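Counting starts at 1 for both ligands and their atoms, in listed order. This is a predicted model, so every value here is computed, not measured.
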Amino acid sequence: MVCTISGPNGNQAFDPASFAEEKVAEIRRFVGEGKAAIATSGGVDSTVCAALAHRALGDKLVCFFLDTGFMREGEAKEVGGILTSLGLPLRVLQVSDRFMEGLKGKADAESKRIAFRQTFYTVLGEAARAEGCDVLIQGTIAPDWIETAGGIKTQHNVLEQLGVDTRSAFGFRLLEPLLDLYKDQVRRLAVFLGVDLPVAQRQPFPGPGLMVRCIGEVTREKMDLLRKATRIVEGELSKLSPPPKQYFAAVAEDDRRGADERIARSAVGASGKAWYLGARATGVKGDERAYGRMVVVDPGTLSDPAELFWVTDKVIHEDWGVVRVLLSVKERDHGGYAVIVRSVETRDFMTAKPTPVPRAVLERVASSVMEDERVGLVCYDLTSKPPATVEFE
Ligand code: XMP
């Protein structure tokens, strides 16, 4: 049966049953007499893809979980439990040192993503070959390759669309059964395949994990701080009703420097202040990648973010090189790092709006995060996508 998908979010025409039937046959044909590997992060896309591949291949599928060192607190154990409970044959690879090594000295967002991808497939290729697998199945979905092919950012799981010959580069043939799907369709497929609803409803977590939220060069200290801040932000924001579509923390060096006077004046008025941060972040302007500056604004009054969403346009009007405008929630002189809270509402992740999180919630987050003396600034990201992206890198 042919499954048609009408337009970017063509839910009406999407039938999970016929889609699964068609893809199971395709996977069997592609793998033939051999064996296939799949890398799962416990995220919605890769877990659903693994369940689909398992339905097609049974014990001819080996499922790898790479512990990259960029998972959240307790996540490696939790994901292991989820995958095992789905009956997937799991091999856990402890490879965080190899990822840290590959990222050494890299602060530029794209260089980090490319280094991550290189390490990811090198490690996975070695492990898959050792298990006798010559095919890699992965859960790349439409927004991944559309944005990567469009040059917005290099998603670690996009290879062939960028002209990478996976057989000569990493030693496997690649199959991507979910390539035409969007997130809401993947969630419907999850339900059809009996993948637990908590997995299907999990908020998205990017393949390179916390690396893309550890802005600039990755260090063990920043990662440690980011993991703690992530726990606090997720804990507080998950209590909002309804919970935001995606919410998380990011960390950067707190090297606030004087912003252009015009920005402070036009964006936050005479009583306000505005600074640039040294680190750059990813955005999208006019469908093109932007890698620009972040401005922190303090309007001098205790405003809710929703009252200040308009400020982003003003700031970017003054300085086109800015991709993110951050509201200062709490600051102090000492401390070397800024923690940024990001929360968005979106349907398909191609565009997004910041969540109107109440000030009181952000204050609670900031107080907890600042119990760590190394944090000098806690901000809330006021920027939509475009001109920012959801993730910082
Ligand atoms: P961006 O930052 O591109 O994020 O606006 C849109 C959605 O995609 C997720 N994301 C990723 N997912 N690998 C993934 O599997 C990646 O490299 C990646 N980068 C972003 C992001 O979390 C959001 O849900």
Checklist outcome for this item: If you scan protein heavy atoms around atom 3 (O) of ligand 1, the nearest is Glu147 OE1, 3.1 Å

Item to check | ligand 1 to Lys153 polar contact by distance, N or O atoms, under 3.5 Å | outcome: yes

Next on the checklist: I'd like to check whether Gly207 has a polar contact with ligand 1, where a contact means an N/O of the residue lying under 3.5 Å from an N/O of the ligand.
Outcome noted: yes

Next on the checklist: One residue to check: Pro208. Relative to ligand 1, which of side chain, backbone, both or neither has a non-hydrogen atom less than 4.0 Å away?
Outcome noted: side chain

Checklist entry - Using the ring of each side chain (for Trp, its six-membered ring), is Phe172 parallel, tilted or perpendicular to Tyr121, with breaks at 30° and 60°? => result tilted

Checklist entry - Considering only the protein, which heavy-atom contact is closest to atom 19 (N) of ligand 1, and what is its distance? => result Arg113 NH2, 3.0 Å

Checklist outcome for this item: Ranking Lys385, His156, Glu393 by closest non-hydrogen atom to atom 5 (O) of ligand 1, top hit is Lys385

Next on the checklist: Under 4.0 Å from a heavy atom of Pro204: which atoms of ligand 1 are those, numbered in the order shown and with their elements?
Outcome noted: 24 (O)

Next on the checklist: Can you report which non-hydrogen protein atom sits closest to atom 4 (O) of ligand 1, along with the distance?
Outcome noted: Val390 CB, 3.6 Å

Next on the checklist: With the threshold set strictly below 4.0 angstrom, can you tell me whether any protein non-hydrogen atom sits that near atom 9 (C) of ligand 1?
Outcome noted: no

Next on the checklist: Angle between ring planes, Phe116 versus Phe99, binned at 30° and 60°: parallel, tilted or perpendicular?
Outcome noted: tilted

Checklist entry - Quick one: which ligand 1 atoms are inside 4.0 Å of a heavy atom on Thr389? => result 1 (P), 2 (O), 5 (O)

Next on the checklist: Could you identify the single nearest non-hydrogen protein atom to atom 22 (O) of ligand 1 and state the distance to 0.1 Å?
Outcome noted: Glu391 OE2, 2.5 Å

Next on the checklist: Does any N or O of ligand 1 fall below 3.5 Å from an N or O anywhere on Thr154, backbone included?
Outcome noted: no

Item to check | side chain to side chain contact (heavy atoms under 4.5 Å, CB included), paired with Arg289, selected from Thr389, Thr282, Val284 | outcome: Thr282

Checklist entry - Given the rule in the side-chain contact (heavy atoms from CB on, under 4.5 Å) test, do Ile141 and Tyr182 qualify, once you have shown the distances and angles that lead to the verdict? => result CA-CA 6 Å; Ile141 65 169; Tyr182 285 77; 5.9 Å; no

Checklist outcome for this item: With Thr383 as partner, the option from Val322, Val315, Thr312 fulfilling side chain to side chain contact (heavy atoms under 4.5 Å, CB included) is Thr312

Checklist entry - So is Arg324 actually on top of Phe392's ring, under 6.0 Å and inside 45° of the axis? => result yes

Checklist entry - Just distances here: any N/O of Gln246 and N/O of ligand 1 closer than 3.5 Å? => result yes

Checklist entry - Is Lys222 salt-bridged to Glu217, going by a charged N under 4.0 Å from an acidic O? => result no

Checklist entry - Does NZ or CZ of Arg256 lie under 6.0 Å from the centre of the six-membered ring of Tyr276, at an angle within 45° of the ring axis? => result no

Next on the checklist: Which residue and atom name correspond to the protein heavy atom nearest atom 18 (C) of ligand 1, and how close is it?
Outcome noted: Gln155 OE1, 2.7 Å

Item to check | Lys183 bridged to Asp348 by N-O distance under 4.0 Å | outcome: no

